[in-house]
Structures are given as structure tokens and as C-alpha cells.
Amino acid sequence: MKAEDQSTNRENASPRKMPFHKYKAFEPIPLPDRTWPDKTITAAPRWCSVDLRDGNQALIEPMTPAEKQKMYDLLLELGFKEIEVGFPAASQTDFDFVRSIIEEGLIPDDVTIQVLCQARAELIARTCEAVSGARNVIFHLYNSTSALQRKVVFNMSREEVIKLATDATEVVKTHVAELEAVGANVTLEYSPESYTATEMDFAVEICAAVMKVWQPTVEKKIILNLPSTVEMATPNVYADQLEWFIRNLPDRECAAISLHTHNDRGTGVAASELGLMAGADRIEGTLFGNGERTGNCDVITMAMNMFSQGIDPELYLSDMQKIVAVAEECTKLNIHVRQPYAGELVFTAFSGSHQDAIRKGMSFVESGGDEAWEVPYLPIDPADVGGSYRETVRVNSQSGKGGVAFILENYFGVSLPRNILLEFSPIVQRLSEADGGELKPEQIWDAFVSEYIDVEGPYQLIDYRVSSMGDEKEACDAKIKVAESEIDTHGEGSGPIDAFIEGLVKTLNEPLSVVDYQEYALTAGSEAQAICILSISDDKQNRYYGVGISQNTTTAAFKSIIAAINRKWL
Ligand code: KIV
Ligand code: ZN
């Protein structure tokens, strides 16, 4: 490589450029009197899952029949009432799957299956064959309408493309009449594929032409699905296109406007949301946004966004772990740890200040707080999607004392006094830095035990006996192992701790006093353990914490004293 090729932005004032001149900006339609920005989303739309079609079509390994079944069962469980179950004329697996759910009676009465089909007579016939026997069906007919595809793919005029769509609609109508004659209820969905890249007047013209053939009514509407087959501009541009379309569509009241966004620019959910504000009635999408290329609108995110605003999403998403597990199993794709509402890390704080704010917010909520959920950094209560408050705090080198306190309290029931916490949290931080990553609760607990409980040192408590001397005085006789020998101590005081300390001070010549002391039950029930957290001070006013755990409160206290003295000698 030549020296001049190795120049970096740091060495060279004029940075290298991406070939942006290759691209042209998407031209938005003028809509100065747009009304959608003043609207808000107040109710869930009609949801349609396209996991078994767009989602399946986009997989490295398409779903097996068993996986399709598993995904279908999950979609029913989540409450989808419209499910695109496949593209039966394009795939034998899809055809067989559609037949199996019909023949095995696996379609609930309130669920409508949807099947996708291109605008070609033989495919339409095959698709109708696939759905025969189903009670409620959406026949999803599509053809591409974009200027680019008309020019480079089909070499067709606008009139020819309209004829293609209306001829196909006639064919669908004929077949559907046969299905309806034997009791089926069939809705037509028409998609001008690549709608966002289609001239808006042409999109309206072709949809109106299809409607003219189909003859929808207010009671039996057609579904007009307006896809951003490839996402081409910011979501507001899509919303303008939709508002324009809806305003200009003849007999709008006979059509349900459906959206089917893709995510090429990373704004598939936002586009669907603004599209709802612009007047759409229905949303097609997939779990976690699986679908062609960058995927489809993620219906989980969109529904949970509504939920977080106090709107019933009309999907039941409480067991997010199960949804993730089934989606991962069927698609063989991993859900990202930062996937909204579902990823492993989305309710987790590593940063000390965030942990602290969450802890305070949670206490506020638990103490009655406001009626609505209000916890800093947590847009929803993790428990609503099957998570727990415990999982919100994880500890690495970025975490402070709040995180350590949280873990000890929530996983081990140990609530540390402030001074020992100030002393222990830098130990955890150093451990995490040395380890290079996250410390699991068990690692933090092990560090706590070896620092304050199982302290290696010269002293070991072998045995003791406490006896009452009357007059609120007690005596303590203890056997202590010091290095290799055993020593007997005797002390007296106002309680066992006083008496034990007096014995130690006299016999071992250890000048010390107890300066901080806390003891409480660690676990409930007959196996309850007491924990004693105590600090001693020596003659130079140095303080040492020690911790003892035992079923017996006195033993716990004595162990904590021995642990503290041992720490002094470390
Ligand atoms: O993205 C798209 O345009 C589609 C159509 C078939 C609706 O998937
Ligand atoms: Zn699509």
C-alpha cells in the first residue's frame, strides 16, 4: 500500500467521502394541509401477522411444517385474529400447511386466515384450491405498481398494469363466488406492491379500478394494503402519502386501509405508527420485525409502544420469554439483546446512577406513588412482560454501590449498612475490572463471603457458653483457636456480646470495642438464619467489619467479631 493511501482522517484535514452522489433524494408529495401530525394513536388497529409468509419467505432456512405449526399456535395464543398463513401457490409446504390447518379444524371461528397470491390466473385458482373448506379467508392479491418496476421489470404502461390487476380481480371474484356458495366468507385484500414508489394518483387509480370490479360495501369492505415494500424516505413522507391516498380514494368508506411497512431505513415501526395517525385501520407485520431484508414492521414493538401509553394493544404479550423462544426456534435467528421490550438487556442498568434512580423509582411505586407507572429508565414495568425487577440491575465495572447493594439485598436478603457498602463496592469494582466484565450475583456473594465471613486469620471460634449471672449480667466462656493452640476466655458484661468481647480483650490482649452492630433474620421459616454485621474499633480507632451467619443469633454475632478481628490481622 502506498503511503498516501494510508492517510487517515486524523492526518488529513479533508476526509474521505462516501459516494453519495450516486443517490437521489426521494421526492415527497406536497401536502401542506396535512392533518396527521395533530392526531394521536388512541386504539389498537386490526393486526395481521405475516410471520408465516413474509417472515418465512425471508429465512435462510424456511420453517419446517412443525415449525410453521408452532409459530401458528403462538400467533393464536397472542391473539392475532388475522394471520397470513402462506403463499400456497408458490410453495408446496405452504399449500400443505394451509390444507392441514383447515382439514384438522385448527382455525378458530373468530380467526381469518390470509393467503398471498400474485395477479395470475393459474396461481389464483391454486390459491383458492388451498383455502377451500376454510370459513373466513382474506385473499391477498398483489402486483407491483411502481414506476421503476413498470419500466425495468414489466415494461408495461399504466393502463396495462391496471388491466392486469382488474383482470386478476375478476378471476378471484369468480373463484370466490364458488367458495362463498359453500359457506366461506372471503375478503379481498389488494396490494399495489411498491406503493411508496408509485405515483400517488396512479396508486389511487389502480385501487379504485380494483374496487370497481370487486364492488365492496361499507359492510363488506375491501382491504387496500399500501406497502412500503422498500422503505424509501422518512416516516412522515409515508404518512403524507397515506393521507393523500385516503383523501382521494373514491368510496373510501368501503375500504379498510392496511399498512405493510418494511424497515430498510430502520423506521418500519415509526412509519406504521405515523400511518395509523394518517388514517390507516390495519397493520401487517411480524414478531420482532422478521421479514425480507431488514424485515417488516415489528408488531411486538408497535403493540408494546401502545401499551406503554395506556392503550389496550389487543395482543397478549405477557410471556415475552416464550415469544422470544418460539420465534428464535422457528426462524433460527437470534433476537438481539437490545430488541425493544424483549431483548435480554432492555430493562437492565449497569450504570450506578441509573441503578440508583431505578431503585428510588421502584420504592416510590411500591410505596403507593402515583397511580401510573413512573420509574426512571424503565418505560414499562418488566413484570408486565414476564420479567422481574431483580433483572433490572446487573453489575460490572460501571456500577457503583447501588448495584452491589441491590444484588445483595434482592438475591441474598442482605441489606448492608452504608459504611460497609462504601468499603465493599470498590472491592467489587476491582474484581469486575480484573474479570473484564459482568459479575453475576453469585460472584458478588462469594466475594462478600471471602471478604467478611470466611476470613482467613489467626482466630477461630471453637465453642462458647453463655450463662446468666442475674442482675442483667451475663458471663461468656469461650474456646478460641489461635494459630495452633486453643485458649479459653472468660468475660462478663451486660449481654453476650459484651461478655465475649471482654473475654477476648483480657485473654488475647486485643484492645477492641464494638462500634456498629446490626443483626436480622436472613431467611424466613424454621431454617431461618440470622446475619450479624458488626464493626470493631481497635485502640488506634481503626475500624474493621466482620459478618457472621448462623441459625443462632449469638453464634452469628460471635462469628462476626472473630471475622472482624481476623480482618484486622490480614
Ligand atoms: O412488501 C410487500 O410489498 C409485500 C407485498 C406482497 C404486500 O410483501
Ligand atoms: Zn413485504
Side-chain angles (χ1 to χ4, degrees), residues 45-59 62 82-91 94 98 112-120 123-124 126-127 130 137-150 153-154 161 164-165 168-169 172 187-200 202-203 206-207 210 222-233 235 238 241-242 245 255-269 271-272 275 280-299 302 331:
R46 276 168 68 178
W47 298 110
C48 174
S49 152
V50 294
D51 290 87
L52 292 165
R53 197 275 300 172
D54 216 327
N56 187 43
Q57 216 173 292
L59 296 176
E82 298 178 21
I83 302 174
E84 192 165 86
V85 287
F87 195 162
S91 138
D94 280 16
V98 176
T112 302
I113 57 162
Q114 176 168 313
V115 277
L116 182 72
C117 184
Q118 268 169 346
R120 280 171 41 195
L123 302 184
I124 294 168
R126 175 85 172 144
T127 306
V137 177
I138 297 171
F139 191 103
H140 184 179
L141 179 73
Y142 79 98
N143 64 283
S144 183
T145 54
S146 76
L148 178 67
Q149 295 226 31
R150 292 194 319 259
V153 183
F154 309 113
V161 175
L164 180 105
T169 307
V172 177
T187 300
L188 177 67
E189 170 170 338
Y190 174 67
S191 291
E193 201 232 71
S194 297
Y195 160 79
T196 45
T198 302
E199 306 87 328
M200 283 302 107
F202 183 54
I206 196 164
C207 289
V210 167
I222 189 172
I223 298 171
L224 295 178
N225 186 49
L226 306 174
S228 68
T229 302
V230 175
E231 191 169 50
M232 314 193 74
Y238 185 51
Q241 290 176 320
L242 295 168
F245 181 98
I257 303 299
S258 174
L259 309 181
H260 174 114
T261 57
H262 278 267
N263 195 37
D264 300 80
R265 297 168 50 93
T267 54
V269 169
S272 287
D281 310 293
R282 180 178 187 268
I283 296 292
E284 291 190 355
T286 54
L287 306 184
F288 309 118
N290 179 39
E292 296 274 15
R293 307 179 308 283
T294 50
N296 288 80
C297 168
D298 170 8
V299 284
M302 191 164 167
T331 62

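Since the structure is predicted, the reported quantities are computational estimates derived from the model, not experimental observations. Atoms within each ligand, like the ligands themselves, are counted from 1 in listed order. All residue numbers in this chain count up from 1 along the given sequence.
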With atoms numbered from 1 as shown, which atoms in ligand 1 lie under 4.0 angstrom from a non-hydrogen atom of [X]?
| X | value |
| --- | --- |
| S191 | 7 (C) |
| P227 | 2 (C), 3 (O) |
| H140 | 7 (C) |
| D54 | 8 (O) |

Looking only at distances, please establish whether an N/O atom of ligand 1 is found under 3.5 Å from an N/O atom of [X].
| X | value |
| --- | --- |
| N225 | no |
| H262 | yes |
| R53 | yes |
| T229 | yes |
| S194 | no |

Approximate separation, where rounding is to 0.5 Å, of [X] [atom1] and [Y] [atom2]:
| X | Y | atom1 | atom2 | value |
| --- | --- | --- | --- | --- |
| F288 | D51 | CZ | CG | 9.5 Å |
| S258 | I283 | OG | CD1 | 7.0 Å |
| I124 | Q118 | CD1 | CD | 10.0 Å |

Starting from atom 5 (C) of ligand 1, what is the nearest protein heavy atom, named by residue and atom, and what distance separates them?
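Of the protein heavy atoms, E193 CG, 4.0 Å lies nearest.
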Among all the protein's non-hydrogen atoms, which is closest to atom 4 (C) of ligand 1, and how far away is it?
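Of every protein heavy atom, H260 NE2, 3.5 Å lies nearest to atom 4 (C) of ligand 1.
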Side chains of [X] and [Y] only: does a donor on one sit below 3.5 Å from an acceptor on the other?
| X | Y | result |
| --- | --- | --- |
| S272 | T261 | yes |
| Y142 | N225 | no |
| E231 | H262 | no |
| H140 | S191 | yes |

Metal check, the Zn ion (ligand 2) vs E284 N/O/S, cut-off below 2.8 Å:
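For E284, the answer is no, given that no N, O or S atom comes within less than 2.8 Å of the Zn ion (ligand 2).
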Is the closest heavy-atom distance from E284 to ligand 1 below 4.0 Å?
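No.
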Run the salt-bridge test on D264 and R293 with the 4.0 Å N-O cut-off and return the result as yes or no.
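Yes.
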Check ion pair E189-R282 (N to O, under 4.0 angstrom):
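Looking at E189 and R282, the cut-off is met.
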Identity of the N, O or S atom of D54 lying closest to the Zn ion (ligand 2)
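Per the distance ranking, D54 contributes OD2 as its closest N/O/S atom to the Zn ion (ligand 2).
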Could you check E193 against T145 for side-chain hydrogen bond (donor to acceptor under 3.5 Å, both in side chains), going step by step and ending with a plain yes or no?
CA-CA 6 Å; E193 201 232 71; T145 54; over 6 Å; no
Using a heavy-atom cut-off of under 4.0 Å, does the side chain or the backbone of V50 touch ligand 1, or both, or neither?
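For V50, no heavy atom sits under 4.0 Å from ligand 1.
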